[in-house]
Amino acid sequence: MKRWLPWAILAGLIVLIVWRMLYLGTVSERFNGAFFARAAIDSIKLGSLYALIALGYTMVYGIIRLINFAHGEVFMVGAFATYFLFTLTPYSLVGGAALAIVMAYALMRVTELFRGRLRDPVVLGVGGGGFLLLVWALTTFTWPFWAALVGSMLATGVLGLTIDRVAYVPLRTAPRNSLLITAIAVSFLLQNLGLLVFTNRQTPFRPDTVLNDPFTLDVMGQPVLTNNLLVAIPVITLVLVLALTSFVNRSRLGKAMRASAQDAEVAQMMGVSVNKVIATTFLLGSILAAAGGAMWGLNFGSLNQPAIMGILPGIKAFAAAVIGGIGSLPGAVIGAMIIGFSENFLSALFPRTPTFLGVTEFKDTFAFVLLIIVLLIRPSGIVGEDLSEKV
Amino acid sequence: MSASTRTRRTRPAQFPWDLVGLVLLAVAVAFAPDLLKALFGRASVSYLSIATNALSLSILALSWDVLARTGQLSLAHAAFYGAGAYTTALLARHADVPLWIGIPLGGLAAVVFALLLGAATLRLRGIYFAIATLSAAEVLKAVVHHLPTGIAGGNAGMNVPTLFRPEFIAGQMERWEVAFLRNEAYFYVYATLLCMTVLASILVQRSRLKHAFTAIRTNEEVAGVMGVRPARLKLLAFVLSSVFVGMLGGVEAHRVGSVLPEQSFSVSTTVLALVTPIFGGLYTTLGPIVGALGLSSVQEGLRRVFSDGYLIGYGVVLVLSILFMPRGVVGLVGGLLRRRGKREAGR
């Protein structure tokens, strides 16, 4: 394909969108700059959230070629873990100690990423110190939101490691289809476990945090009411994504990760511990998904019932990863942004008018229509290389 | 003398286990309702409906497996199912089409959808095919959901007349026997549908299609060079796979008595269609059926032991069973038999 063609398509799309916005402005007073600004704000927030989930899918698929069906449920657990941490703390000593063990282990695994070995004195020190600090913190005061966010990321990271250890490691040499079953079974398990704890009701998610403070934006003379999340969600996402990409591009383990994605067997022969690499992808993917879950709750003010909360965001984020080109980190972010924008911005571009019903009702299907279109034009996604030989 | 007859002559004559199995299956299901009634009396009403669910799962699983033999991991079975269910329901509601024509037409609608989907996704492989089919299913669900309420009922769905209305005759039968008669009739419909699916699967396995499908699954390019036509055969597999699911959807719409977007196009249909054959053993006729029987008994057993949250146990059982038999039940048993055969040959 010619180099300039994507840019030409992008420019054409922008021209079409602007033209449509100007046209809508003449139809009704309602469709002014503030209306579209609101849609854009929602798009950016949603796109960032999808990106956090999609990265987990794309990393795991890049290395073991598995659709990790349980990832949507990891996202759900991340959201609920945050909820537990900022509502139910302080815990009793037993519960606090148990949770502290989990989180301290996650701390050790994260430090290990930089030190290389689990038996390193620094790693052990971080684990021990972290454990004591966490026991104290979990049993003495109510956690603020940011602490709950970090704590939930750690705890969910351990969940990701556990899922990998229990359901996927024993099946490394089995046919890939059987991995699919364990993935589905794990997601089944987590859904119903959540259902048992929460029954099927909505859970309010309104932590007392500065991120929820409202402020007013001035768009072409009209006020747009929004809150700090507008800045917080994209910024947190950006920080996490940058940290991830620099880890994958710079560190030793990141190099091992890229090598395993290219050819796991050869990487193993060269001395890369592929099992460790895979565990790391699960750890990092789950950490990102937990951050996504916590901010998802913050953005919508409530959590859906656990049995269905993870399904639709999970499928859409997966679609985003495929649109971008599965296996590619920037691809996942681009795909997620495209889906976030199409969901909110297309609804704004084709709103309900006296003569037209509007497309808002079909919002949930945009991701899928878009996916089909992209796959038909470019079967390996926007930035994806041709994977047809490997799959 | 063509090549095919030569190979046929050199192949050792095999006992047709598959056809005998089909006849045995037919005989077994023919006598099952009476046997259940004689053994359990009143409780047989619910046993019969559990058995019907197992048959329904078998049809779903086996038809998914037929498509999977070409290497295509379909996530569109909820769409085939829903297309069949909604077509049958719409015909029954708006055109007063007799039920026995409506159900095959439901199968036909599923085939039409499958052909469109198959043609659109011919280029896609593996994961891309899977997610594209899942998307198509979601889109079809949304379209059905947002059809005008006067046509398809929208969110609330539609009522569908039941197929069988046995009459209660005082003095000659007890109350529960009415329900039994109804369940029995449905059981036979499902059993017929299953036998048809099994027959189709056996015919595929006995013909050269089996090898063509395997070739496409293993390496499509090489298969194309060797004279197999991947595009055409993949579409054929789509047709064979969707027709029975569509009819199943139609029958089930009558049995349940209603169609709803969330229920007819439920993701769990897709998930079950894929989990069951993998659990039982892929690319065989026996595997999906064994898987369906196994999984429905596990589910029913767990439901009786733990009332609430029994699905947690279901997940645990699934994980454990795959850890111990990654190639499914049939793969495990086949492997054991082969090992024993080898040991005896070595002696």
Side-chain angles (χ1 to χ4, degrees), chain A residues 61 65-67 69 166-167 170-171 173-193 195-197 199 307-308 311-312 315-316 318-319 321-323 326 357 361-372 375-376 379-381 384 387-391, chain B residues 68 71 73 75 117 120-121 123-143 145-146 219-221 262 267-268 270-272 274-279 282-283 306 308-328 331:
Chain A
Y61 189 84
R65 309 263 176 259
L66 161 77
I67 314 178
F69 273 110
V166 173
L171 292 172
T173 55
R176 217 182 309 135
N177 285 329
S178 23
L179 280 168
L180 220 55
I181 271 209
T182 44
I184 290 173
V186 167
S187 78
F188 236 64
L189 201 102
L190 292 174
Q191 282 172 13
N192 289 290
L193 218 58
L195 209 56
L196 207 62
V197 177
T199 67
I308 59 171
I311 295 178
L312 208 54
I315 295 180
K316 281 186 195 162
F318 180 61
V322 175
I323 286 181
I326 196 143
L357 268 174
E361 284 186 348
F362 290 93
K363 207 166 146 178
D364 282 340
T365 58
F366 291 166
F368 304 115
V369 176
L370 212 63
L371 178 92
I372 294 173
L375 282 187
L376 291 184
S380 53
L387 283 174
S388 59
E389 292 303 306
K390 292 187 198 163
V391 178
Chain B
L73 190 88
L75 296 180
L117 180 64
T121 55
R123 286 170 67 200
L124 304 176
R125 313 255 174 98
I127 183 123
Y128 298 104
F129 177 82
I131 186 76
T133 47
L134 179 66
S135 305
E138 287 292 321
V139 172
L140 188 64
K141 171 177 160 182
V143 169
H145 195 156
H146 295 295
N219 191 327
E220 204 174 312
E221 279 80 15
E262 288 301 328
V267 180
S268 76
T270 301
V271 168
L272 280 179
L274 137 127
V275 163
T276 317
I278 303 179
F279 174 81
L282 279 171
Y283 317 135
F306 319 100
D308 237 9
Y310 72 96
L311 282 169
I312 299 173
Y314 189 66
V316 173
V317 169
L318 267 187
V319 172
L320 288 182
S321 60
I322 286 303
L323 291 188
F324 290 109
M325 20 184 220
R327 279 166 208 282

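Nothing here was measured: the structure is a model prediction, and the numbers come from that model. Each chain gets a letter, A, B and so on, in the order the sequences are listed, and its residues count up from 1.
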Distance in Å, [X] [atom1] paired with [Y] [atom2], rounded so as to fall on 0.5 Å steps:
{"X": "B:His146", "Y": "A:Thr365", "atom1": "NE2", "atom2": "OG1", "result": "7.0 Å"}
{"X": "B:Glu138", "Y": "A:Ile315", "atom1": "CD", "atom2": "CD1", "result": "5.5 Å"}
{"X": "A:Ile323", "Y": "B:Ser135", "atom1": "CD1", "atom2": "OG", "result": "8.0 Å"}

For [X], is it the side chain, the backbone, both or neither that has a heavy atom under 4.5 Å from a heavy atom of chain A?
{"X": "B:Leu320", "answer": "neither"}
{"X": "B:Leu124", "answer": "side chain"}
{"X": "B:Val316", "answer": "both"}
{"X": "B:Tyr314", "answer": "side chain"}

Taking all atoms of both residues into account, what is the closest heavy-atom pair of [X] and [Y], and its distance?
{"X": "B:Ala132", "Y": "A:Leu375", "value": "CB-CD1, 3.9 Å"}
{"X": "B:Ile127", "Y": "A:Phe318", "value": "CD1-CZ, 3.4 Å"}
{"X": "A:Pro175", "Y": "B:Pro326", "value": "CG-O, 4.1 Å"}
{"X": "B:Ile312", "Y": "A:Leu189", "value": "O-CD1, 3.3 Å"}
{"X": "A:Ala167", "Y": "B:Leu323", "value": "O-CD2, 4.3 Å"}

Go through it in stages, so that I can follow the logic: the residues are A:Leu376 and B:Thr121, the test is side-chain contact (heavy atoms from CB on, under 4.5 Å), and I'd like the CA-CA distance, side-chain angles, deciding distance and then a yes or no. CA-CA 8 Å; A:Leu376 291 184; B:Thr121 55; 5.7 Å; no
For B:Leu282, the side-chain contact (heavy atoms from CB on, under 4.5 Å) test, sequence neighbours excluded, returns A:Asn177, B:Trp64, B:Asp65, B:Pro277, B:Ile278
State which residues pass side-chain contact (heavy atoms from CB on, under 4.5 Å) with B:Ala137; sequence neighbours excluded, sorted by chain then number. B:Ala79
Using a 4.5 Å cut-off on heavy atoms from C-beta on, say whether the side chain of [Y] contacts that of [X].
{"X": "A:Leu371", "Y": "B:Leu134", "answer": "no"}
{"X": "B:Ile131", "Y": "A:Ile67", "answer": "no"}
{"X": "B:Arg327", "Y": "A:Ser178", "answer": "no"}
{"X": "A:Phe368", "Y": "B:Leu140", "answer": "no"}
{"X": "A:Phe188", "Y": "B:Leu318", "answer": "no"}

Under 4.5 Å, counting heavy-atom pairs only, tell me which of A:Leu180, A:Thr182, A:Ile181, A:Leu190 racks up the most with chain B. A:Ile181
In terms of heavy-atom pairs under 4.5 Å, which option from A:Val166, A:Val369, A:Leu171 contacts chain B the most? A:Leu171
Side chain / backbone / both / neither for A:Leu179 at chain B, heavy atoms under 4.5 Å: neither
